[in-house]
Visitor: 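Below you will find the structure I want to go over with you.
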Amino acid sequence: MSDDSCLSPLQSRSATIHSGDAKPRHAEREDIQVMSSHDGGILTLVATPIGNMGDISARAVQCLNEADLILCEDTRTSAKLLQAHGIRTRTRPLHDHNEQERIPALLDLLRQGRKIAVISDAGTPLMSDPGYRLVRAVIAGGGHVTAVPGANAAVMALTLSGLPPHPFMFSGFLPPRDAARRENLSVLRAAEQAGLCATLIWHEAPHRLADMLASLAAVFGPERPAAVARELTKRFEEVRRGPVGELAQHYRDHAPRGEITVILGPPPADDTGPQDLDTHLHEALKSLSIKDAASLVAGIVNLPRRTVYARALELTRDAD
């Protein structure tokens with residue numbers, strides 16, 4: 001299928017699906033601490049290697065050396081990288097459990113004109129890692145936020161997968177429990193039935209990979225093309241490609257290790273999902289209320305009732 005086949009007027013809806021991340025901290029509504037617009041500090045998001053220590057850029061090393069403070073997801077993990085490059089800048093932890101409480105003190109440092117760098121354990125900060133709330137607070141006050149680009153496991157896995165590179169959606173980690181995971185995936189499948197056509201990307205833990213792939217096969221169909229990228233940039237780098245059902249069985253029989261990214265190809269050109277959902281809803285709405293029509297069709301197309309209900313509301317509004 002060509003990339004052009006994925007373009008859809010409903011593509012913009014993908015932004016609402018992206019909140020399927022198992023750690024939806026981006027949606028939190030804490031009060032934002034702000035700094036005044038005349039402050040001279042700089043907050044820099046610095047990408048670090050995802051495996052191979054040689055992948056850090058010269059600019060990243062310079063930035064970390066010149067910073068007054070480096071915020072690390074885990075200071076013990078980052079210490080290895082910093083020591084390897086002779087970086088002696090002081091470090092402090094910034095993670096999910098302390099980020100919000102640390103923001104006021106960090107904004108004070110920026111007001112004083114300090115340079116603060118943010119790094120994650122590996123890859124690009126904020127991508128399934130802490131830092132978003134701090135960035136939001138600085139931006140809200142007109143502060144200066146910049147970045148040093150570099151490695152990103154999701155993008156690298158996508159380029160190696162052999163699947164259409166755009167459009168794509170990255171959704172972090174899926175919920176660990178099967179019921180919640182399948183509900184999350186069903187929302188994405190419903191979005192496909194409403195017109196979304198994109199390559200989908202997630203990270204996953206090794207001990208959950210087989211179950212996660214089985215969930216993908218159950219919701220999207222076992223023949224959907226997929227790829228599993230493991231240990232990218234490291235000695236035992238592996239990209240295994242094939243139907244998602246076969247990949248689920250393979251990793252059921254061969255327990256994986258290391259850092260893992262899963263890529264699921266877009267629906268095939270002959271996917272009848274969108275037509276099936278809307279056809280069933282149009283027919284049901286002729287004689288039933290929106291609520292009853294959604295309940296009936298949800299059982300037919302194997303999607304959550306509330307998801308089908310939302311689509312029924314859209315069709316009703318369009319008809320009016």
Side-chain angles (χ1 to χ4, degrees), residues 6 13-27 50-51 73 96 120-130 132 151-192 196-222 224-233 237-252 255-267:
C6 286
R13 296 182 185 176
S14 65
T16 62
I17 305 299
H18 193 275
S19 61
D21 195 327
K23 299 185 288 185
R25 53 181 175 268
H26 293 199
I50 59 176
E73 186 177 2
D96 285 340
S120 63
D121 286 349
T124 300
L126 276 67
M127 302 301 291
S128 292
D129 295 319
Y132 170 77
N152 181 282
V155 172
M156 181 175 178
L158 174 63
T159 58
L160 295 177
S161 69
L163 297 169
H166 55 77
F168 71 88
M169 290 176 55
F170 171 66
S171 298
F173 286 86
L174 286 168
R177 296 185 180 278
D178 183 65
R181 181 169 58 238
R182 292 201 183 204
E183 182 176 0
N184 184 292
L185 295 173
S186 293
V187 172
L188 286 170
R189 178 56 183 155
E192 288 185 345
L196 173 70
C197 186
T199 297
L200 308 177
I201 308 173
W202 301 269
H203 292 323
E204 190 52 276
H207 65 281
R208 291 198 298 264
L209 178 61
D211 289 339
M212 183 263 204
L213 291 170
S215 296
L216 292 180
V219 174
F220 296 95
R224 181 73 73 90
V228 174
R230 189 178 65 84
E231 292 290 87
L232 293 175
T233 77
E237 176 179 297
E238 174 189 67
V239 181
R240 184 171 291 273
R241 309 167 184 86
V244 67
E246 292 183 10
L247 291 175
Q249 186 58 53
H250 173 82
Y251 287 106
R252 184 77 67 191
R257 295 181 180 180
E259 303 291 332
I260 293 170
T261 301
V262 176
I263 308 94
L264 187 75

Visitor: For Pro164 and Thr199, work out which heavy atoms get closest and say how close.
Guide: O-OG1, 2.7 Å
Visitor: Calculate, to the nearest 0.5 Å, the distance between atoms CZ and CG belonging to Arg177 and Asn184 respectively.
Guide: 15.0 Å
Visitor: Taking the side chain as every heavy atom from C-beta outward, state whether Leu216 and Arg224 have any pair of such atoms under 4.5 Å apart.
Guide: no
Visitor: Please determine if Asp178 and Arg181 form a salt bridge, counting it only when a charged side-chain N lies under 4.0 Å from a carboxylate O.
Guide: yes
Visitor: Would you say Val262 and Leu174 make side-chain contact, with heavy atoms under 4.5 Å?
Guide: no
Visitor: Only one of Glu204, Arg230, His203 forms a side-chain hydrogen bond (donor to acceptor under 3.5 Å, both in side chains) with Thr261, so which one is it?
Guide: His203
Visitor: Under a 4.5 Å cut-off applied to non-hydrogen side-chain atoms, are Phe170 and Asn152 in contact?
Guide: no
Visitor: Compare every heavy atom of Leu160 with every heavy atom of Arg241, then report the nearest pair and how far apart it is.
Guide: NH2-O, 2.7 Å
Visitor: Please report the interatomic distance CD(Glu73) to OG(Ser128), rounded to the nearest 0.5 Å.
Guide: 9.5 Å
Visitor: Please report the closest heavy-atom contact between Arg182 and Ala214, naming both atoms and the distance.
Guide: NH2-O, 4.4 Å
Visitor: Exactly one of Val239, Val244, Leu213 should register a side-chain contact (heavy atoms from CB on, under 4.5 Å) with Val228. Which one does?
Guide: Leu213
Visitor: Would you give the length of the straight line joining atom CG of Leu185 to atom CD of Glu192, rounded to the nearest 0.5 angstrom?
Guide: 10.0 Å
Visitor: Out of Ile263, Leu200, Ile201, which one pairs with Leu163 under the side-chain contact (heavy atoms from CB on, under 4.5 Å) rule?
Guide: Ile263
Visitor: Do Cys197 and Pro267 come within less than 4.5 Å of each other through their side chains, counting heavy atoms only?
Guide: yes
Visitor: Working to the nearest 0.5 Å, report the span between NE2 of His250 and CG of Leu209.
Guide: 9.0 Å
Visitor: Locate the shortest heavy-atom distance separating Gly242 from Leu247; write the atom from each residue and the value.
Guide: O-CD1, 3.6 Å
Visitor: Provide the closest heavy-atom pair for Thr159 versus Met156 in the form atom of the first, atom of the second, distance.
Guide: OG1-O, 2.7 Å
Visitor: I'd like to know whether CD of Glu259 has more than 12 heavy-atom contacts from other residues, nucleotides or ligands below 6.0 angstrom.
Guide: no
Visitor: Where do Pro206 and Gly258 come nearest, in terms of heavy atoms and distance?
Guide: CG-O, 3.0 Å
Visitor: Is any side-chain heavy atom of Tyr251 closer than 4.5 Å to one of Ile260?
Guide: no
